[in-house]
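Worksheet: one structure, shown below.
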Amino acid sequence: MQKESVAEILSKALAKKKINLKIQEILERIEIPPSSEMGDFAFPCFFLASKLKRNPADIALEIREEIEKIPPEFQDIQTKGPYINFFVNRGNLAADVIKEILEKKDNFGSKGIGKGKKMLVEHTSINPNASPHVGRARNAIIGDSLVRILKFQGFNVDTHYYVNDVSKQIAMLVLAGAEKLKFESMLKKYVKISAEIKKSKKKEQQVFDLLEKFESGDKETTKKFNKVTSTCVKGQEKILGKLGINYDVFDYESTYLNRSKEILAQLEKSGKLFQDEEGRIVLDLKNTSVEGKMRTPLLVLTRSNATGLYPLRDIAYTLDKMKKADSNLIVLGEDQKLYFNQISEALKILGSDFPKVVHYSYILLSEGKKKKKMSTRKGDVVLLEDFLEDAIKKAEKKSKKKSYAKTIGIAAVRYVILKNSADKIINFNLDDALNFEGDTGPYLLYSYARASSILRKIKENKKIELKYDELEPQEIELIKKFAEFPEIVLKSYNNSDPSYIANYSYKLAQAFSDFYQNCPVMKSKNEKFRILLVKSFRQVLKNSLNLLGIDVLEEM
RNA sequence: GCCCCUGUAGCUCAGCCUGGAUAGAGCAUUAGCCUUCUAAGCUAAGGGUCGCAGGUUCAAAUCCUGUCGGGGGCACCA
């Protein structure tokens with residue numbers, strides 16, 4: 001709104017100089033200055049220099065002179081070098097923003113984009129073989145945050161977890177006789193059997209035999225597979241549940257085994273199916289987006305013995321998902337990029353749309369200067385549950401009540417994952433991750449708790465009074481941060497990337513710390529106004545953290 | 001060989017999409033601040049050829065091309 005006023009003022013002034021620009025063009029050129037001292041909006045005059053053959057700083061001065069009256073929305077309009085800087089009336093801004101926050105409360109920041117729309121999100125979908133490590137958890141944490149963002153924007157979201165029960169990993173565990181084991185013992189068993197299989201070709205063959213038996217519906221084998229899968233899924237669900245990550249539906253790959261023929265028949269109609277010299281059925285993907293991304297653009301659908309491969313089940317599953325919602329989102333590791341591209345092309349051939357996909361990179365374990373990939377197979381991992389437990393233990397030592405530790409631990413874990421953009425490899429160092437100072441989850445909670453502490457000490461004043469003497473720079477920064485929140489949420493939504501919200505939360509908390517340090521609330525001249533600022537801060541930070549899956553604490 | 005991601009301070013990252021005013025944080029280091037709302041905090045200092053080389057532009061960390069380093073992927077694993 002204020003930006004539009006800036007454009008209008010400029011448009012008039014420019015016209016007097018016989019420079020006719022459309023409002024839209026001016027809007028595109030308006031910038032936000034790097035610091036509030038330079039104003040709230042800026043108009044750079046460089047582009048006029050070549051046209052007018054003048055120094056851009058002089059041009060700025062001249063345009064400024066053409067602006068006679070400063071409208072009430074603005075405090076001042078100044079030039080600084082080649083920039084014309086606009087200072088909005090901060091009082092108005094403060095009043096507008098604070099009113100909106102305190103009215104909309106938990107809804108402040110939502111644009112309600114998803115109202116009346118159904119969304120299906122699939123995330124996590126870890127191999128059900130053992131306790132998830134931090135690398136795997138990145139999927140779940142990003143996925144869960146996206147679900148929260150979507151719900152916040154008004155979508156009706158269903159969260160699905162796809163269980164790859166038709167898998168070599170389960171077969172390995174079955175071979176190792178793990179069906180009676182508890183979840184806690186699975187990892188050890190898995191590491192052991194992995195090592196054994198690596199050494200023995202015979203054992204490896206046994207694994208494939210088991211898998212084939214399961215695929216063909218052998219009752220004894222199925223029973224064992226189901227037992228192992230069920231133990232693992234329940235175990236993983238419990239651990240992720242501790243982080244506040246929950247699922248509406250678990251879909252099992254094995255239920256799609258009998259859909260293979262049907263999918264093949266449908267693909268057959270496209271004429272792009274062929275059998276190669278070894279008897280495999282293959283989908284030709286020439287002239288699709290995967291061309292040039294792989295040696296030969298195709299997708300192998302069956303083994304030479306005609307049994308279906310994973311992609312067939314995946315296609316069947318995705319077709320089902322697409323029918324269940326207005327739109328679909330899936331979170332996958334970067335290693336699945338090309339594969340998912342292939343699946344999407346297959347779906348296109350079948351006349352179906354395909355899910356929007358969010359990819360994320362690995363988490364590397366970094367110890368000193370060494371960096372290595374986490375491997376469940378080798379047992380070379382930081383387990384999510386261990387990490388969380390360490391974080392909670394550390395929090396217990398520092399907080400006023402032990403019961404706060406869980407929330408603080410979760411905040412530390414989730415935030416450290418979410419603050420990085422998804423396509424970046426995270427160098428994970430447990431010691432750094434357990435640091436609760438600076439750019440961390442606990443710091444965010446701390447700033448919230450301090451805000452709450454102020455309000456506890458002040459007599460409740462229900463009247464909203466927006467009167468104050470003069471705004472301090474720290475107050476202005478804080479208010480401007482509040483005003484940014486809805487745009488940040490929108491950006492996160494548009495890019496399916498929670499890291500914007502994570503980084504915003506930190507900057508918001510920092511702005512509050514700065515305010516806290518410099519602007520006493522109690523017994524200050526502007527006490528009533530500052531109380532409203534503190535209240536607004538709590539609300540905005542709470543909303544922001546909620547999207548990251550972090551609960552707030554009133555004290556810690 | 002081809003495709004995708006990535007390279008910014010000693011370390012971990014933001015900024016890049018949408019080019020502009022002195023490149024920002026945190027950790028670590030050094031020096032300060034608790035008889036006033038929680039010091040998990042704040043202030044200050046040192047620390048940068050934004051991988052490298054070209055190009056576009058009045059202006060490039062940001063856009064384009066090339067190149068080097070790291071990661072991922074490219075036919076019966078899931």
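Each chain gets a letter, A, B and so on, in the order the sequences are listed, and its residues count up from 1. Not measured: the values here are computed from a predicted model.
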Nearest listed nucleotide, side chain of [X], among [options]:
{"X": "A:Pro34", "options": "B:rA21, B:rA75, B:rC4", "result": "B:rA21"}
{"X": "A:Asn495", "options": "B:rA78, B:rC74, B:rC17", "result": "B:rC17"}
{"X": "A:Phe46", "options": "B:rA78, B:rC58, B:rA75", "result": "B:rC58"}

Item to complete: Would you please indicate yes or no on a ring centroid separation below 6.0 angstrom for A:Phe387 and A:Phe428?
Response: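 A:Phe428 vs A:Phe387: aromatic centres under 6.0 Å.
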[atom1]-based separation of [M] from [N] [nearest Å]:
{"N": "B:rG46", "M": "B:rC52", "atom1": "C1'", "value": "27 Å"}
{"N": "B:rC5", "M": "B:rA44", "atom1": "C1'", "value": "39 Å"}
{"N": "B:rC3", "M": "B:rG48", "atom1": "P", "value": "37 Å"}
{"N": "B:rU8", "M": "B:rG70", "atom1": "C1'", "value": "15 Å"}
{"N": "B:rG72", "M": "B:rA28", "atom1": "P", "value": "31 Å"}
{"N": "B:rG69", "M": "B:rU30", "atom1": "C1'", "value": "34 Å"}
{"N": "B:rC27", "M": "B:rU36", "atom1": "C1'", "value": "30 Å"}
{"N": "B:rG24", "M": "B:rA45", "atom1": "P", "value": "13 Å"}

Starting at [atom1] of [X] and ending at [atom2] of [N], how long is that distance when rounded to a whole Å?
{"X": "A:Leu312", "N": "B:rA78", "atom1": "CG", "atom2": "C1'", "result": "13 Å"}
{"X": "A:Asn427", "N": "B:rU6", "atom1": "CG", "atom2": "P", "result": "15 Å"}
{"X": "A:Leu338", "N": "B:rC77", "atom1": "CG", "atom2": "P", "result": "17 Å"}
{"X": "A:Asn341", "N": "B:rC5", "atom1": "CG", "atom2": "P", "result": "12 Å"}
{"X": "A:Leu365", "N": "B:rU12", "atom1": "CG", "atom2": "C1'", "result": "15 Å"}
{"X": "A:Glu487", "N": "B:rC17", "atom1": "CD", "atom2": "C1'", "result": "15 Å"}
{"X": "A:Asp432", "N": "B:rC11", "atom1": "CG", "atom2": "P", "result": "13 Å"}
{"X": "A:Asn420", "N": "B:rA25", "atom1": "CG", "atom2": "P", "result": "19 Å"}

Practice prompt. Look at atom NZ of A:Lys394 and say whether more than 12 heavy atoms of other residues, nucleotides or ligands are closer to it than 6.0 Å.
Written response: yes
Worksheet item: Regarding A:Arg29 and the six-membered ring of A:Phe43, is the cationic atom NZ or CZ under 6.0 Å from the ring centre and inside 45° of its axis?
Response: no
With a 3.5 Å limit on both atom pairs, tell me what [N] is paired to, counting Watson-Crick and G-U wobble, or say none.
{"N": "B:rG66", "value": "B:rC52"}
{"N": "B:rG47", "value": "none"}
{"N": "B:rC74", "value": "B:rG1"}
{"N": "B:rC11", "value": "B:rG26"}
{"N": "B:rC33", "value": "B:rG41"}

Base, sugar-phosphate or nothing for [X]? Non-hydrogen atoms, less than 4.0 Å.
{"X": "A:Gly81", "value": "nothing"}
{"X": "A:Tyr500", "value": "sugar-phosphate"}
{"X": "A:Pro33", "value": "base"}
{"X": "A:Val166", "value": "sugar-phosphate"}
{"X": "A:Lys53", "value": "nothing"}
{"X": "A:Tyr339", "value": "base"}
{"X": "A:Cys519", "value": "base"}
{"X": "A:Leu211", "value": "sugar-phosphate"}
{"X": "A:Lys523", "value": "nothing"}
{"X": "A:Ala451", "value": "nothing"}
{"X": "A:Gln169", "value": "nothing"}
{"X": "A:Asn85", "value": "base"}

Verify the distance criterion only: is there a donor paired with an acceptor across the side chains of [X] and [Y] at less than 3.5 Å?
{"X": "A:Arg538", "Y": "A:Ser452", "answer": "yes"}
{"X": "A:Asn164", "Y": "A:Ser125", "answer": "no"}
{"X": "A:Gln236", "Y": "A:Tyr161", "answer": "yes"}

Worksheet item: Should A:Arg303 be listed as having a side-chain N or O under 4.0 Å from OP1 or OP2 of B:rA78?
Response: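 Checking B:rA78 against A:Arg303, a side-chain N or O does come within under 4.0 Å of OP1 or OP2.
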Fill in: side-chain N/O A:Lys371 vs B:rU6 OP1/OP2, d < 4.0 Å
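For B:rU6, OP1/OP2 do not have a side-chain N/O of A:Lys371 under 4.0 Å.
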Worksheet entry | N-O pairing of A:Arg303 and A:Glu215 below 4.0 Å | yes
Worksheet entry | Residue closer to the 5' end of RNA chain B, A:Glu278 versus A:Ser35 (nearest nucleotide) |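 Of the two residues, A:Ser35 wins.
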Discussion item. Given the structure, check if the side chain of A:Glu334 and the base of B:rC5 hold any donor-acceptor pair shorter than 3.5 Å.
Written reply: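 When only heavy-atom distances are counted, A:Glu334 does not reach the base of B:rC5 through any donor-acceptor pair under 3.5 Å.
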Discussion item. Quick one, A:Val207 and A:Leu211 - any side-chain contact, counting heavy atoms below 4.5 Å?
Written reply: no
Worksheet item: Are side-chain heavy atoms of A:Glu122 and A:Tyr317 found at a separation under 4.5 Å?
Response: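 SC-SC contact between A:Glu122 and A:Tyr317 confirmed.
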Practice prompt. Answer syn or anti for B:rC34, where the cut-off is 90° from 0 on the glycosidic torsion.
Written response: syn
Worksheet entry | Residue that, paired with A:Tyr506, satisfies ring pair (Phe, Tyr, Trp, His ring centres under 6.0 Å) out of A:Tyr443, A:Tyr500, A:Tyr446 |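 For A:Tyr506, the ring pair (Phe, Tyr, Trp, His ring centres under 6.0 Å) check succeeds only for A:Tyr443.
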Discussion item. For nucleotides 38-45 of chain B, give me one character per nucleotide, 5' to 3': B if any protein heavy atom sits under 4.0 Å from the base, S if the only such contacts are to the sugar-phosphate, - if neither.
Written reply: BSBBS---
Discussion item. What verdict does the side chain to side chain donor-acceptor pair (under 3.5 Å) test give for A:Asp551 and A:Thr407, after you've listed the backbone C-alpha separation in whole Å, the side-chain angles of each residue and the deciding distance to 0.1 Å?
Written reply: CA-CA 6 Å; A:Asp551 290 335; A:Thr407 305; 5.4 Å; no
